[in-house]
Amino acid sequence: MGHTATAQAGSGGLTATEHRLANGLRVVLSEDHLTPVAAVCLWYDVGSRHEVKGRTGLAHLFEHLMFQGSASVPGNGHFELVQGAGGSLNGTTSFERTNYFETMPAHQLELALWLEADRMGSLLAALDEESMENQRDVVKNERRQRYDNVPYGTAFEKLTALAYPEGHPYHHTPIGSMADLDAASLEDARAFFRTYYAPNNAVLSVVGDIDPEQTLAWIEKYFGTIPAHDGKQSPRDGSLPEVMGGQLREEIVEEVPARALMAAYRLPHDGTRECDAADVALTILGGGESSRLHNRLVRRDQSAVAAGFGLLRLAGAPSLGWLDVKTSSGVEVPAIEAAVDEELARFAAEGPTAEEMERAQAQLEREWLDRLSTVAGRADELCRYAVLFGDPQLALTAVRRVLDVTAEEVQAVAAARLRPDNRAVLVYEPLSAESDETDETENEGAEQ
């Protein structure tokens with residue numbers, strides 16, 4: 001089954017066709033003959049929000065296990081075959097999905113499709129204790145390198161845990177805890193695969209220099225015989241009140257290079273007009289060197305060396321506005337926080353200027369064009385909108401919705417959400433600063 005989409009206004013002339021195999025696999029194809037390359041992207045509707053307490057990190061662990069060999073491709077063969085054919089590949093895990101992707105010379109497209117089908121259909125035949133232990137150690141090491149042993153490394157994890165209450169499906173991040181990674185068994189992994197790595201829980205997009213008829217024939221050949229699985233439970237409800245109702249706060253004393261103020265504001269769900277308005281607001285306030293916070297804190301006051309405000313879009317839970325300010329030497333966090341609150345209050349009261357709206361919307365439009373200008377980026381966006389919103393065509397017109405947002409809507413979402421009683425806050429204090437204060441106190445005591 002399939003249908004062809006005509007180019008819609010605001011799509012830049014891009015089109016996509018949608019198809020569904022008998023086993024439930026959704027397929028999205030988009031021709032682009034500008035360069036002789038093709039991108040394959042496979043999104044599974046599983047992320048850390050599907051995990052249960054005591055077994056966090058399984059979605060991310062499985063992302064690694066998918067590169068450990070399948071029935072026809074042992075060991076590191078997936079990497080070797082793709083790279084040997086001149087392609088590139090990777091996989092990532094988020095709260096709401098796990099994806100795998102290859103960009104290939106167009107004449108090697110069939111290879112990428114066969115490889116993805118082989119591990120979807122036969123990974124369990126190759127999954128054993130040895131590969132499980134190997135990748136468990138890899139993930140634990142990744143956690144050490146990216147989270148535990150780098151400055152501010154656990155900020156994302158800590159803010160997420162503050163912003164989403166205990167028991168909420170987004171309370172923990174995809175990396176998982178060391179204890180849960182240790183506790184995961186081979187049978188846990190096998191059950192996870194059987195439940196979520198089924199064709200009826202996936203969307204496959206292929207974008208680039210392709211023959212749609214031939215591509216669909218290959219997909220049917222390699223994926224069509226993989227059986228569907230109906231054991232998946234719906235993710236737990238992620239809804240929360242629009243406003244936190246109070247400020248949640250944690251101070252951390254660690255070996256970091258500078259004091260920092262970080263905060264997460266609860267914002268509207270992705271896919272809503274209010275979320276697009278929030279994106280424009282955060283771009284004006286903290287999206288780059290022309291933003292209000294950068295101009296106030298870095299340029300004018302010189303109280304910070306960096307100030308940014310960005311949006312983490314989430315479909316199954318409230319999105320988060322991420323504030324990150326690193327202070328200049330000697331500047332205390334309360335001074336930074338007061339300045340931030342002053343700027344947010346002024347923005348809520350006065351709203352954006354026409355120039356700020358034009359600049360922010362142009363910036364977001366450029367980012368959208370950047371994503372869709374590559375075959376890999378377009379394949380990913382098509383999968384995203386198919387999995388999270390049920391319609392891949394929305395990827396081709398997303399920018400139109402951002403450009404339709406008005407200054408009044410931007411001001412309204414800022415006034416309603418960018419408030420002190422609607423945020424989780426992390427304050428970082430360097431260990432060295434604490435030691436200096438201790439030394440100074442001791443010296444004063446010695447003099448007396």
Chemist: Please answer whether the main-chain N or O of Glu157 pairs with a side-chain N or O of Thr154 as donor and acceptor at a distance below 3.5 Å.
Modeler: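 Side chain of Thr154 to backbone of Glu157: no pair is present.
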Chemist: Take Val40 and Leu115, measure what side-chain contact (heavy atoms from CB on, under 4.5 Å) needs, and give me the verdict at the end.
Modeler: CA-CA 11 Å; Val40 173; Leu115 285 167; over 6 Å; no
Chemist: Are any side-chain N or O atoms of Arg417 and backbone N or O atoms of Asn422, one a donor and one an acceptor, separated by less than 3.5 Å?
Modeler: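 No, Arg417 side chain to Asn422 backbone: no donor-acceptor pair under 3.5 Å.
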Chemist: So His50 and Phe192, side-chain contact (heavy atoms from CB on, under 4.5 Å) or not? Walk me through it.
Modeler: CA-CA 10 Å; His50 295 85; Phe192 194 88; 5.6 Å; no
Chemist: Taking all non-hydrogen atoms of both residues, which atom of Ala281 and which atom of Val413 are closest, and how far apart?
Modeler: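 The answer is CB-CG1, 4.4 Å.
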Chemist: Decide whether Glu110 and Gln214 meet the rule of one side-chain donor and one side-chain acceptor closer than 3.5 Å.
Modeler: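 No, because no side-chain N or O of Glu110 sits under 3.5 Å from a partner of the opposite role on Gln214.
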Chemist: Short question: side chain of Asn99, backbone of Thr92 - any donor-acceptor pair under 3.5 Å?
Modeler: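 Indeed, once roles are kept as given, a pair shorter than 3.5 Å links the two residues.
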Chemist: Could you tell me whether a side-chain N or O of Gln411 sits under 3.5 Å from a main-chain N or O of Ala348, the two making a donor and an acceptor?
Modeler: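 Answer holds: yes.
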Chemist: Within a strict 4.5 Å, meaning less than it, do heavy atoms of the Arg266 and Pro241 side chains meet?
Modeler: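 They are in side-chain contact.
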Chemist: Asn141 versus Asp137: any side-chain heavy-atom pair under 4.5 Å?
Modeler: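 In short, these two side chains do not touch, never coming nearer than 4.5 Å.
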Chemist: Would you check, one step at a time, whether the test side-chain contact (heavy atoms from CB on, under 4.5 Å) holds for Val402 with Glu365?
Modeler: CA-CA 8 Å; Val402 173; Glu365 182 178 24; over 6 Å; no
Chemist: Glu63 and Thr93: side-chain donor and acceptor closer than 3.5 Å?
Modeler: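 A donor-acceptor contact under 3.5 Å links the two side chains.
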Chemist: Can you confirm whether Tyr265 sits close enough to Leu344 that some side-chain heavy atom of one is under 4.5 Å from a side-chain heavy atom of the other?
Modeler: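 SC-SC contact between Tyr265 and Leu344 confirmed.
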Chemist: For a quick test of reading the model, state the closest non-hydrogen atom pair linking Pro352 to Ala407 and the distance between them.
Modeler: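 Taking Pro352 first and Ala407 second, the nearest heavy atoms are CD-O, 3.7 Å.
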Chemist: Can you name the closest pair of heavy atoms from Ala126 and Ala71 and give their distance?
Modeler: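 Heavy-atom minimum between the residues: CB-N, 4.3 Å.
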Chemist: Heavy atoms only: give me the nearest Arg401-Leu394 pair and the separation to one decimal.
Modeler: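 What the structure gives for the nearest pair is NH2-O, 2.9 Å.
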Chemist: When rounded to the nearest 0.5 angstrom, what distance separates CG in Leu162 from CG in Leu248?
Modeler: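 It comes to 6.0 Å.
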Chemist: From Leu364 CG over to Arg359 CZ, what is the distance, rounded to the nearest 0.5 angstrom?
Modeler: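 Atom-to-atom, Leu364:CG and Arg359:CZ are 12.0 Å apart.
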Chemist: Would you please indicate if the ring centroids of Tyr170 and Phe95 are separated by under 6.0 Å?
Modeler: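 Yes, ring centres under 6.0 Å apart.
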Chemist: What is the distance from atom OH of Tyr147 to atom CD of Glu142, rounded to the nearest 0.5 Å?
Modeler: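 It is 7.5 Å, given to the nearest 0.5 Å.
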Chemist: Looking at Gln233, I want to see if its CD is surrounded by more than 12 non-hydrogen atoms of other residues, nucleotides or ligands under 6.0 Å.
Modeler: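 Not buried by this count: 12 neighbours or fewer within 6.0 Å.
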Chemist: Quick check: do Asp230 and Asn200 have side-chain heavy atoms less than 4.5 Å from each other?
Modeler: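 Counting from C-beta outward, Asp230 and Asn200 do come under 4.5 Å.
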Chemist: For Asp270 and Cys275, work out which heavy atoms get closest and say how close.
Modeler: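 Residues Asp270 and Cys275, closest heavy atoms: CA-SG, 3.7 Å.
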Chemist: Is it true that a side-chain atom of Asn295 and a backbone atom of Ser290 form a donor plus acceptor pair closer than 3.5 Å?
Modeler: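 Confirmed, Asn295 side chain pairs with Ser290 backbone.
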Chemist: Whether the side chain of Thr195 engages the backbone of Ala191 through a donor-acceptor N/O pair (distance < 3.5 Å, no angle test) should be reported.
Modeler: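 Side chain of Thr195 to backbone of Ala191: a pair is present.
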Chemist: If we ignore hydrogens and angles and just use 3.5 Å, is the side chain of Trp368 paired with the main-chain N or O of Ala395 as donor and acceptor?
Modeler: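 Yes: the side chain of Trp368 pairs with the backbone of Ala395.
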Chemist: Please report the closest heavy-atom contact between Ala189 and Leu65, naming both atoms and the distance.
Modeler: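 That closest heavy-atom pairing would be CB-CD1, 4.3 Å.
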Chemist: Output the distance between atom CD1 (Ile284) and atom CG (Leu293), rounded to the nearest 0.5 Å.
Modeler: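 The distance works out to 11.5 Å.
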Chemist: Give the intermediate values and the outcome of salt bridge (charged side-chain N to carboxylate O under 4.0 Å, His left out) for residues Arg313 and Asp276.
Modeler: CA-CA 9 Å; Arg313 288 178 175 263; Asp276 289 333; 2.9 Å; yes
Chemist: Centre of Phe67's six-membered ring, under 6.0 Å away, within 45 degrees of the axis: is that where NZ or CZ of Arg119 sits?
Modeler: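 Because its charged atom sits under 6.0 Å from the ring centre and within 45° of the axis, Arg119 does stack over Phe67.
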Chemist: Would you find a donor on one side and an acceptor on the other, under 3.5 Å apart, between the side chain of Asp180 and the backbone of Thr56?
Modeler: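 Yes: the side chain of Asp180 pairs with the backbone of Thr56.
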Chemist: Using salt bridge (charged side-chain N to carboxylate O under 4.0 Å, His left out), reason through Glu96 and Arg384 one step at a time and then give a plain yes or no.
Modeler: CA-CA 10 Å; Glu96 301 181 323; Arg384 172 174 174 255; over 6 Å; no
Chemist: Without hydrogens or angle criteria, can the side chains of Ser185 and Asp188 be said to hold a donor-acceptor pair below 3.5 Å?
Modeler: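 The criterion, which ignores hydrogens and geometry beyond distance, is satisfied for Asp188 and Ser185.
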Chemist: Are any non-hydrogen side-chain atoms of Arg236 and Val52 less than 4.5 angstrom apart?
Modeler: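 No. Closest side-chain heavy atoms not under 4.5 Å.
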Chemist: Any non-hydrogen side-chain atom of Arg249 less than 4.5 Å from a side-chain atom of Val425?
Modeler: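 Yes; the side chains approach each other to less than 4.5 Å.
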Chemist: Counting only heavy atoms not in Glu213, do more than 12 sit closer than 6.0 Å to its CD atom?
Modeler: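 No, because the 6.0 Å sphere around CD of Glu213 holds 12 heavy atoms or fewer from other groups.
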Chemist: Judged by atom type as modelled, is there a donor-acceptor pair below 3.5 Å linking the side chain of Arg378 to the main-chain atoms of Leu372?
Modeler: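 Yes, because the side chain of Arg378 sits within donor-acceptor range (under 3.5 Å) of the backbone of Leu372.
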Chemist: Check each of Arg419, Arg296, Arg423, Arg346 against Asp341 using the salt bridge (charged side-chain N to carboxylate O under 4.0 Å, His left out) test, and report the only one that passes.
Modeler: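 When salt bridge (charged side-chain N to carboxylate O under 4.0 Å, His left out) is applied between Asp341 and each of Arg419, Arg296, Arg423, Arg346, only Arg423 qualifies.
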Chemist: A side-chain contact here means heavy atoms from C-beta on lying under 4.5 Å apart; do Ser177 and His172 qualify?
Modeler: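 A side-chain contact under 4.5 Å is absent here.
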Chemist: Go through the steps for Leu418 and Leu282 under the test side-chain contact (heavy atoms from CB on, under 4.5 Å), then give the verdict.
Modeler: CA-CA 10 Å; Leu418 300 181; Leu282 297 190; 4.1 Å; yes
Chemist: Does Glu242, at its CD atom, have more than 12 non-hydrogen atoms belonging to other residues, nucleotides or ligands within less than 6.0 Å?
Modeler: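 Result for CD/Glu242: open.
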Chemist: Does a salt bridge link Asp182 with Lys140, judged by any charged N lying under 4.0 Å from a carboxylate O?
Modeler: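 A salt bridge links Asp182 with Lys140.
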Chemist: Return the CG to OH distance between Leu123 and Tyr197, rounded to the nearest 0.5 Å.
Modeler: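 One finds 9.0 Å between CG of Leu123 and OH of Tyr197.
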Chemist: I'd like to know if the side chain of Lys232 reaches the main chain of Asp45, judged simply by a donor and an acceptor atom lying under 3.5 Å from each other, with no hydrogens or angles considered.
Modeler: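 Flag set: sc Lys232 to bb Asp45 pair under 3.5 Å.
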Chemist: Assess the residue pair Arg292 and Glu356 against the criterion (salt bridge (charged side-chain N to carboxylate O under 4.0 Å, His left out)); give the C-alpha distance rounded to whole Å, side-chain angles, the decisive distance to 0.1 Å, and a yes or no.
Modeler: CA-CA 10 Å; Arg292 289 196 180 194; Glu356 286 176 325; 2.8 Å; yes
Chemist: Looking at side-chain heavy atoms only, is the closest gap between Ser88 and Glu102 below 4.5 Å?
Modeler: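 SC-SC contact between Ser88 and Glu102 ruled out.
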Chemist: Would Phe62 and Tyr196 count as a close aromatic pair, with their ring centres under 6.0 Å?
Modeler: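 Centroid separation for Phe62 and Tyr196: 6.0 Å or greater.
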Chemist: Side chains of Glu51 and His60 only: does a donor on one sit below 3.5 Å from an acceptor on the other?
Modeler: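 Per modelled atom types, Glu51 and His60 side chains form no pair under 3.5 Å.
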Chemist: So how far is it from Asp380 CG to Leu42 CG, rounded to the nearest 0.5 Å?
Modeler: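 Going from CG on Asp380 over to CG on Leu42, the span is 11.5 Å.
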